[in-house]
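The structure under discussion appears below in the form of structure tokens.
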Amino acid sequence: MSARLPLFLRRLRCPLQPAGPPRRLRVPRRAGSGGGGGCGGGEGLLAQRGQQNAQAGSSHGPGRREPPAWNVIVREVIQNSKEVLHLLQEKNPAFKPVLAIIQASDDNLMQEVNQNLAEEAGLNITHICLPPESSEDEIIDEILKINEDTRVHGLALQISENSFSNKVLNALKPEKDVDGVTDVNLGKLVRGDAHECFVSPVARAVIELLEKSGVNLDGKKILIAGAHGSLEATLQCLFQRKGSMTMSFQWKTPQLQSKLQEADIVVLGSSKPEEIPLSWIQPGTIVLNCSHDLLSGKLGHGSPGIPFSGPIAENDVSLLAAALRIQNMVSSGRRWLREQQYTRWRLHCLRLQPLSPVPSDIEISRAQTPKAVDVLAKEIGLLADEIEIYGKSKAKVCLSLLERLKDQADGKYVLVAGITPTPLGEGKSTVTVGLVQALTAHLNINSFACLRQPSQGPTFGVKGGAAGGGYAQVIPMEEFNLHLTGDIHAITAANNLLAAAIDARILHENTQTDKALYNRLVPSVNGVREFSNIQLARLKKLGINKTDPSTLTEEEMNKFARLNIDPSTITWQRVLDTNDRFLRKITIGQAGTEKGYSRQAQFDIAVASEIMAVLALTDSLKDMKERLGRMVVASDKNGQPVTAEDLGVTGALTVLMKDAIKPNLMQTLEGTPVFVHAGPFANIAHGNSSVLADKIALKLVGKEGFVVTEAGFGADIGMEKFFNIKCRASGLVPNAVVLVATVRALKMHGGGPSVTAGAPLSREYTEENIQLVADGCCNLQKQIQIAQLFGVPVVVALNVFKTDTRAEIDLVCELAKRAGAFDAVPCYHWSSGGKGSVDLAWAVREAASKRSRFQFLYDVQLPIVEKIRTIAQAVYGARDVELSPEAQSKIDLYTQQGFGNLPICMAKTHLSLSHQPDKKGVPRDFILPISDVRASIGAGFIYPLVGTISTMPGLPTRPCFYDIDLDTETEQVKGLF
């Protein structure tokens, strides 16, 4: 190839060693494209071009200058690009910038020029070759593919002039547009932001060559002839900034002859028409050719033999432009690397104008216009290819961010928990949102709230939504509370697919011989019979080292095909995200087609599914797949666990969950970021949002920022599980706990009258009662002590209601500090937004700055019963535990199956520290009864049942849905709270 290249390229290549792997030549197949298209069969053309170049070089004659200085300029540009790239790669060894060139023309010599210059500089290059007659849409399709390819950092087009339409050019991503042809890059140039954009290499080459040749452009008359679009605009802009008087004409302009004769410098933007004689250009005029036929050695179709004086040869522009494109490519790679690094937030917070009295939650939410989610994402340092937008105000965030920011230090990690819940509510979600609004919107500290996605069961049942409340909530609250991005629906689909697989497998095993069953599990397709990947994994697990289905013995076929599930041991239930009490116990298999196979079963609420707990605890797609495969659904008739992997459904479950694993980005009323992801039940599961949301948020906020997440129910349940299960799985260390309390709830723990949802409150709760508050603070003090077991400082957040008196507020704060709280702060975010929690934000910041002494409550290697006893005594205050025979039997089984070293997830009532919901305050000297023990092996915990725990709520007499409606004119949701 070197022999066919122009002399200057061969000279340039001699002293430099090619860097990087060879180019990838990709030629999409096209029907009937034959051998006459571009990008191939260019031998004759290359030879012709080389001959023309040699002739052009020899025509200078003895009186002309030696090979011009521009080859030195090209060498300098390439060498500089190589050095810069080398420095970038020293710090980022895996960085391999790629230039993509889409060609739909016959100019194959330019392909070689680009390839060789890229190799000299150390760039990789990929060439996408289209037939010359490719349509505009076909070219755009290729552009869009390259736009989304994160491996490519620059994109150039080598297409016919007729294809250079605005539609094609603006299809390029501006950040990959190394030829500076998009409107975005042109706009930045015209505005004076050349350092933020790519400038046309051709236009830069014109200016560079003139200045390097000693031409003073100030005051010169420049005529640009036959240029169009971006090249014309860029040339005019650059010349004007040099003080030149610039004129631009098309070839058919009537005044062209007179203007050409006046010009000091003529720049040809396209090939000169035959009818324009060269004599129109005055001798001594500097002429530069920027036409598309860049390396032809011709100057349009003018009469040969008319000399052009001036210091610049005809090929100079095209070759220097090719080198400057390489320079732009290196700049593109440098920008890309800079974008990969952590960047400071440029968050524009939304202004709140609180009203009094405080309107309903949905009225407040609707009165605030949220930022577009892509704007929010950019403000907090997310890249465009790291988000998947759902509508205007929600987006999923890709897990690739964790790899990009793996070297970024984590921010501070804060948990919001509460006292033992009461029907009066404590407002943990509201405090969480109010705290991040205060930190970010008022103290200018990066912060992220990480919340659980609410189930539709409570939303349409009694509790309502979970977006916070008042002026401290996530917006739009109706989107937060309804469907979101479909994660719970994905969990429902995956869960029920597995449930269907269990019963179908039992039916087929009961009704088929070994041979028939085996033949159906491993069928012959088009004469080929082979195991699927998951079946090969099962063979390996069974110790059968064979891959050919025809070679298994009868015994091996039986072992492979039969799971022998014991129906009485099935623990996997179907789920539905609706409160439906009549699905708590059902009979399945009553149709005649099920051949008499029926059994008792039940539905759980969707968020009680183990798949939800898996989603919340996983840290990668690979880990999630492994966890899904490990989920134990039953035991076989020999007492061995049967898993989703045994049923062959792991891959399918992962496919259903592949989008659900990505956290959902939303915002608060004040425009601060929120992740909403996962929502496991806080009784039979651990009741915390996802590990992935926390990990991503901790990277995004930066070293000095805060991630505030919430635990379900009281600190004795949600916080204990957060520490012993979630932190153990994630490896994250919390810096502080915010313990939420209210005066009203403390009065109930102090002996106040019972409360019925929807009924008016007794005057004990609406009038000052110091004694009730003092008596109820025992529960707050106990929860503070529980947090101290883990070595984490506690800040008490007193969620203030308008009926609370100053004396009651001061008493709670004083008693909390005496109990060991780092600080205790009244909060007013419900009525004032983040401004009402600034004091809490300062207290949390100070507490989190202290050195963490975090520790787990127990060693997972302890026997199961000892771990249960530790939690019962140290956290709940029980004297001891009492195991039912069934519970003891399950403990023995799980220990024998190898699951004894898992953490414990206690399933008990959230309404009391004990197992009795009506026992408020701090019950003492009780025995905690363990009625049963179950296992979520995929999620990674054992969960003992304390008393009776319902996993399917029921609807009350008057559910929330009575108040929920849709305005059919505006499509606005009404009645959510």
Side-chain angles (χ1 to χ4, degrees), residues 417-428 430-431 462-463 682-683 712-720 739-788 794 796-821 824-827 872-879 908-929 946-947:
I419 62 172
T420 302
T422 69
L424 293 166
E426 290 65 56
K428 295 190 301 295
T430 309
V431 169
V462 177
K463 182 177 178 291
N683 49 15
F713 296 150
D716 57 306
I717 296 182
M719 183 187 73
E720 181 270 316
L739 194 61
V740 181
T742 64
V743 167
R744 299 192 306 180
L746 289 172
K747 286 179 177 180
M748 191 168 190
H749 282 295
S754 60
V755 174
T756 303
L761 290 175
S762 302
R763 62 190 184 112
E764 286 87 347
Y765 298 111
T766 59
E767 298 176 3
E768 183 176 287
N769 192 318
I770 297 296
Q771 189 59 52
L772 273 182
V773 173
D775 292 345
C777 277
C778 63
N779 187 271
L780 173 62
Q781 292 164 333
K782 172 63 176 176
Q783 303 287 10
I784 293 171
Q785 292 166 10
I786 294 171
Q788 290 173 332
V794 180
V796 171
L798 185 64
N799 213 356
V800 176
F801 285 74
K802 61 182 180 180
T803 55
D804 300 345
T805 68
R806 174 50 57 185
E808 291 172 330
I809 293 169
D810 291 344
L811 176 62
V812 173
C813 292
E814 177 61 28
L815 292 178
K817 291 176 187 176
R818 286 187 197 173
V825 183
C827 304
Q873 293 177 335
V875 177
Y876 307 149
R879 179 156 50 91
K908 78 171 190 71
T909 178
H910 57 287
L911 297 173
S912 173
L913 285 163
S914 74
H915 57 289
Q916 298 173 292
D918 57 334
K919 299 293 185 183
K920 304 300 180 186
V922 182
R924 303 180 188 280
D925 201 35
F926 59 91
I927 302 295
L928 192 74
V946 181

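For the pair Lys908 and Tyr876, the distance from NZ or CZ to the six-membered ring centre is under 6.0 Å and the angle to the ring normal is within 45 degrees.
Annotation: side chain to side chain donor-acceptor pair (under 3.5 Å) contacts involving residues 777-787, sequence neighbours excluded, comprise Thr420-Asn779, Thr420-Gln783, Asp716-Gln783.
Residues Gln873 and Leu928 fail the side-chain proximity criterion, which asks for heavy atoms closer than 4.5 Å. Met748 has its side chain out of reach of Pro753: every pair of non-hydrogen atoms, C-beta onward, lies at least 4.5 Å apart. Side-chain contact between Thr909 and Val946 is absent, with no heavy-atom pair separated by less than 4.5 Å. Between Val825 and Leu798, the closest side-chain pair of non-hydrogen atoms is not below 4.5 Å. Side-chain contact between Ile419 and Val740 is absent, with no heavy-atom pair separated by less than 4.5 Å. Leu761 is listed as a side-chain neighbour of Arg744, based on a closest heavy-atom distance under 4.5 Å.
Taking each heavy atom of Ala745 and Thr422 in turn, the nearest pair found is CB-OG1, 3.7 Å. The heavy-atom pair separating Val800 from Pro826 by the smallest distance is CG2-CB, 3.8 Å. Scanning both residues, Ala824 and Lys817, for their nearest heavy atoms gives N-CE, 3.8 Å. Of all the heavy atoms in Gly752 and Leu772, the pair that sits closest is N-CD2, 3.7 Å. In terms of heavy atoms, Ala807 sits closest to Ile770 at CB-CD1, 3.8 Å. Among all heavy-atom pairs drawn from Ala819 and Ile784, the shortest one is O-CG2, 3.7 Å.
Using bins of under 30°, 30° to 60° and over 60° for the plane-to-plane angle, the ring pair His915/Phe926 lands in the tilted bin.
For the atom pair Asp804 CG and Thr742 OG1, the distance stands at 7.5 Å (nearest 0.5 Å). Here the NZ atom belonging to Lys920 is positioned 7.5 Å from the CG atom belonging to Asp918, to the nearest 0.5 angstrom. For the atom pair SG (Cys827) and CG (Asn799), the distance works out to 6.5 Å, reported to the nearest 0.5 Å. One distance of note links SG of Cys778 with CZ of Arg924; it measures 7.0 Å at 0.5 Å rounding.
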Does the pair Thr803 and Glu768 meet the rule for a side chain to side chain contact (heavy atoms under 4.5 Å, CB included), with working shown? CA-CA 8 Å; Thr803 55; Glu768 183 176 287; over 6 Å; no

Might you work through the side chain to side chain contact (heavy atoms under 4.5 Å, CB included) test for Tyr765 and Val755, ending with a clear yes or no? CA-CA 10 Å; Tyr765 298 111; Val755 174; 3.8 Å; yes

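Remark: Lys747 pairs with Glu808 by the salt bridge (Lys or Arg N to Asp or Glu O under 4.0 Å) rule, at least two apart or across chains.
Counting only distance, with no hydrogens or angles, the side chain of Lys919 and the backbone of Leu913 share no donor-acceptor pair below 3.5 Å. Checked by atom type and distance alone, the side chain of His749 pairs as donor or acceptor with a backbone atom of Gly921 at under 3.5 Å. Judged purely by atom type and a 3.5 angstrom limit, Ser762 has no side-chain atom pairing as donor or acceptor with the backbone of Glu764.
Residue Lys802 qualifies as open at atom NZ: its count of foreign heavy atoms under 6.0 Å is 12 or below.
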